[in-house]
Amino acid sequence: MCASALARSAMSIQESNPLGPLATLVGTWEGGAGTDIAPAEPNRKETATSRFRERTTFEPIGLVDNHEQTLCGLRYLTVAWRIGQADAFHQDTGYWLWDAKNEQVMRAFVVPRGVTILAGGKAAADAKAFDLVAERGAPVFGVCSGPFLEKEFRTVRFTMNVKILGPDEFSYEEDTVLEIPGQPTFHHTDGNTLKRVTG
């Protein structure tokens with residue numbers, strides 16, 4: 001296929017399905033069977049396992065133009081509560097982006113502990129599963145932390161697997177790899193299955 005035909009094909013995909021594999025996510029989702037494995041408090045040498053519920057809302061932001069690059073995306077907010085507790089123990093917010101021409105999914109987000117992550121990976125427009133990766137120090141798809149976390153709980157790698165289980169259900173598994181002084185590498189993991197409540 002010639003270059004112009006490829007460009008027309010990419011544009012057709014963009015117009016018919018501008019959000020690609022993210023299209024299903026538009027709306028509000030809840031899941032009550034999440035599992036979080038993290039360093040314990042106050043003894044970070046121990047492991048704490050928490051069951052949690054969460055609520056995530058995805059809102060379309062339309063097209064984003066970077067000169068010759070066109071992205072389409074979702075603004076999102078996730079809030080999570082440990083089971084049986086009224087106060088949230090985790091939040092993150094940011095954008096999920098789809099680059100149709102390069103068949104690439106990106107998640108750009110901030111955690112209010114002083115961490116920002118831009119993770120990305122390849123995916124077809126109709127993909128029902130995809131993986132995202134970010135690495136500390138990488139010029140593309142990287143991790144940036146504040147001074148305390150860089151010293152005490154350094155994030156060196158972030159991975160995420162997303163599975164679209166149907167029009168009203170998706171699941172994810174995350175692994176945030178931490179370097180903690182005086183300890184082996186720690187895998188801080190989270191996972192949950194969410195179901196659509198609106199949208």
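Atoms CE and CD, from M160 and E174 in turn, are 4.5 Å apart once rounded to the nearest 0.5 Å. Separation of atoms CZ (F186) and CD1 (I37) is listed at 7.5 Å; rounding is to 0.5 Å. In this structure, CD1 on I117 lies 7.5 Å from OG on S145, to the nearest 0.5 angstrom. The OG1 atom of T155 sits 11.5 Å away from atom CD of E135, with the distance rounded to the nearest 0.5 Å.
For the pair T35 and N192, the minimum side-chain heavy-atom distance is 4.5 Å or more. Proximity of L22 to F130: side-chain heavy atoms (C-beta onward) are separated by under 4.5 Å at one or more points. The side-chain heavy atoms of R55 and T28, taken from C-beta on, include a pair separated by under 4.5 Å. Residues F170 and L25 are in side-chain contact: their nearest non-hydrogen atoms beyond the backbone lie under 4.5 Å apart. Side-chain contact between L71 and N66 is present, with heavy atoms from C-beta onward closer than 4.5 Å. Side-chain atoms of L178 and P39, non-hydrogen and from C-beta on, do get closer than 4.5 Å to each other. Between T185 and V177 the shortest side-chain heavy-atom distance falls below 4.5 Å. Contact check for I83 versus R53: side-chain heavy atoms found under the 4.5 Å cut-off.
If you check the side chains of D190 and H90, you find no donor sitting under 3.5 Å from an acceptor. Inspection of the T189 and D175 side chains reveals no N or O donor paired with an N or O acceptor under 3.5 Å.
Between K101 and E68 no salt bridge is recorded (no basic side-chain N to carboxylate O distance below 4.0 Å). In this structure, E152 pairs ionically with R44, as a charged nitrogen and a carboxylate oxygen lie closer than 4.0 Å. We find that K163 and E173 are not joined by a salt bridge, their nearest charged nitrogen and carboxylate oxygen being 4.0 Å or further apart. Salt-bridge check for K122 with E103: failed, with every basic side-chain N at 4.0 Å or more from each acidic carboxylate O.
Side-chain N or O atoms of R196 include one that pairs as donor or acceptor with a backbone N or O of P167 at under 3.5 Å. For the pair N102 (side chain) and Q104 (backbone), a donor-acceptor distance under 3.5 Å is absent. Here the side chain of N43 pairs a donor or acceptor atom with the backbone of K45 at under 3.5 angstrom. Using modelled atom types, no side-chain atom of T93 and backbone atom of F109 make a donor-acceptor pair closer than 3.5 Å. Of the possible donor and acceptor atoms, none in the side chain of R113 sits under 3.5 Å from a partner among the backbone N and O of G146.
Ring pair Y76/W96 is perpendicular by interplanar angle, where above 60° counts as perpendicular and below 30° as parallel.
Within 6.0 Å of NZ on K195 lie no more than 12 heavy atoms contributed by other residues, nucleotides or ligands. Residue Q69 qualifies as enclosed at atom CD: its count of foreign heavy atoms under 6.0 Å is above 12.
Applying the 4.5 Å side-chain rule to ILVMFWY residues, one finds V79, W81 in the same cluster as L77.
Paired with D131 under the rule side chain to side chain contact (heavy atoms under 4.5 Å, CB included), one option of N161, V162, T159 passes, and it is N161.
Taking each heavy atom of L97 and G73 in turn, the nearest pair found is CD2-CA, 4.0 Å.
Judged by the 6.0 Å and 45° rule, R82 forms a cation-pi pair with F89.
Side-chain heavy atoms closer than 4.5 Å link hydrophobic residues (I, L, V, M, F, W, Y) into clusters, and following such links, possibly through other members, connects L194 to V26.
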